[in-house]
Amino acid sequence: MTDSADRPVLAIDIGGTKLAAALVEESGRITAYDRVPTPNEPGRDAEDLWRALDALLGKVVAEGGAPGLAGVGVGCGGPMTWPAAEVSPLNIPAWRGFPLRQRLRERHPGLPVRVHNDAICVAAGEHWLGAGRGRANVLGMVVSTGVGGGLVLGGRLVDGASGNAGHIGHVIVEPDGPPCGCGGRGCLEAVARGPGLVAWAREQGWRPGEPSGTGVELAADARDGEPVAVAAMRRAGRALGIAIASATHLCDLEVVAIGGGVSQTGPPLFDPLRDAFDAHARMEFARRLEIVPAALGQPAGLIGAAALIFAPGRYWNAD
């Protein structure tokens, strides 16, 4: 417990498709929430994005009516310098070296402001109050616009040398596979991210009912048995299963909790995922792994961002 248990954390989740913010109590209860689309259109600059975020935060704090805040916790797409949080999200071109932590400190003087990778916040949230609660060795994953992850080993978040430990999205699953935004080829993210799945499905002849052709629609078609959509999810599931097998052989995990929009596809994704995991996880200790949907659902990243403030002994190892 903190000495500010009666004050909520302003929790923020920044991604390529949406900006979300909430007031989160120490129990994990969300008392105010809102989200807006990320202003990610061509021609938008860094200040356009900051103004959208600033307006969202003001609205959430006003609606929550809290007498004060315990701090500000943030999950943001990477890469970033850590813990300074100068952020350059691959899916947000307008921000390159944007001083997010410093700008939030200026907005909230005197409060602790802690920023980590968005997928790392999902891992922290799932370990704190979700599918990994009570377990010491957990990988939390996000499969959405991108693919990311965070590691809790021995009951504590592992940051690594640069704050990027657990970044499973850039494990290679197809050495001669599609190009990735990181500059490599065949990364898990390149194969399994939502926009990549949509592009692959279109190349294979998928014709969505709407011109946009979103990952949500692709997932719905897969659940309905549309052959190309099913093949796309099978391809993503296989890549995820291979990467998770490698991760658990390396880290001796107990639970992998998978969140994000693509993960909500259900059996068309999780069935081939588990088949691929079973085929590649041959060590007996690895085969005990539990692979489950994130228990906290879409708020997992916000709850994990709050954990950076409420439980720093487990989830924050910097200043």
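Because the structure is a prediction, the values reported are computed rather than measured.
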Any carboxylate oxygen within less than 4.0 angstrom of a Lys/Arg side-chain nitrogen, looking at E226 and R207?
no
Are L253 and I120 linked, directly or through intermediate hydrophobic residues, by side-chain heavy-atom contacts shorter than 4.5 Å (ILVMFWY only)?
no
Could you tell me if the side chain of R44 sits less than 4.5 Å from the side chain of W95, heavy atoms only?
no
Which atoms form the tightest heavy-atom contact between A294 and E126, and what is the distance?
CB-OE2, 3.3 Å
Before accepting this row, confirm whether a basic side-chain N of the pair R107/D54 lies closer than 4.0 Å to the acidic partner's carboxylate O.
yes
Would you indicate whether the side-chain heavy atoms of C187 and C182 approach each other to under 4.5 Å?
yes
Are V147 and L218 grouped together when hydrophobic residues (ILVMFWY) are joined by side-chain heavy atoms under 4.5 angstrom apart?
yes
Does any N or O in the side chain of T265 come within less than 3.5 Å of the main-chain N or O of V262, such that one atom is a donor and the other an acceptor?
yes
Establish whether V158 and I168 are linked, either directly or via other cluster members, by ILVMFWY side-chain heavy-atom contacts under 4.5 Å.
yes
Start with the C-alpha distance between N164 and S162, add both sets of side-chain angles, then the distance that settles side chain to side chain donor-acceptor pair (under 3.5 Å), and finish with yes or no.
CA-CA 6 Å; N164 288 291; S162 63; 3.0 Å; yes
Under 4.0 Å between a side-chain nitrogen and a carboxylate oxygen: does that hold for D13 and K18?
yes
Do V36 and L53 sit in the same hydrophobic cluster, where Ile, Leu, Val, Met, Phe, Trp and Tyr count as joined when their side-chain heavy atoms come under 4.5 Å apart?
yes
Transitive ILVMFWY side-chain link L19 to V142, under 4.5 Å:
no
Does a salt bridge link E290 with R135, judged by any charged N lying under 4.0 Å from a carboxylate O?
yes
Checking the side chain of R7 only, and the main-chain atoms of L69 only, is there a donor and an acceptor separated by less than 3.5 Å?
yes
Between W82 and W316, is the ring centroid distance below 6.0 Å?
yes
Could you check if a side-chain atom of V72 sits within less than 4.5 angstrom of a side-chain atom of V9, using non-hydrogen atoms only?
no
For Q298 and Q264, test the side chains for any donor-to-acceptor distance below 3.5 angstrom and give the result as yes or no.
yes
Would you find more than 12 non-hydrogen atoms of other residues, nucleotides or ligands less than 6.0 Å from R235 atom CZ?
yes
Scanning both residues in full, the closest heavy-atom pair of S144 with G260 reads CB-CA, 4.2 Å
May I ask you to test the I30-P299 pair for a side-chain heavy-atom distance under 4.5 Å?
yes
Side-chain heavy-atom pair T31, E25 within 4.5 angstrom cut-off
yes
Validation row: C76, M80 side chains within 4.5 angstrom (heavy atoms):
yes
Checking R96 now: which residues fulfil salt bridge (Lys or Arg N to Asp or Glu O under 4.0 Å) with it, not counting sequence neighbours?
none
Please confirm whether H116 and Y315 have ring centers closer than 6.0 angstrom.
no
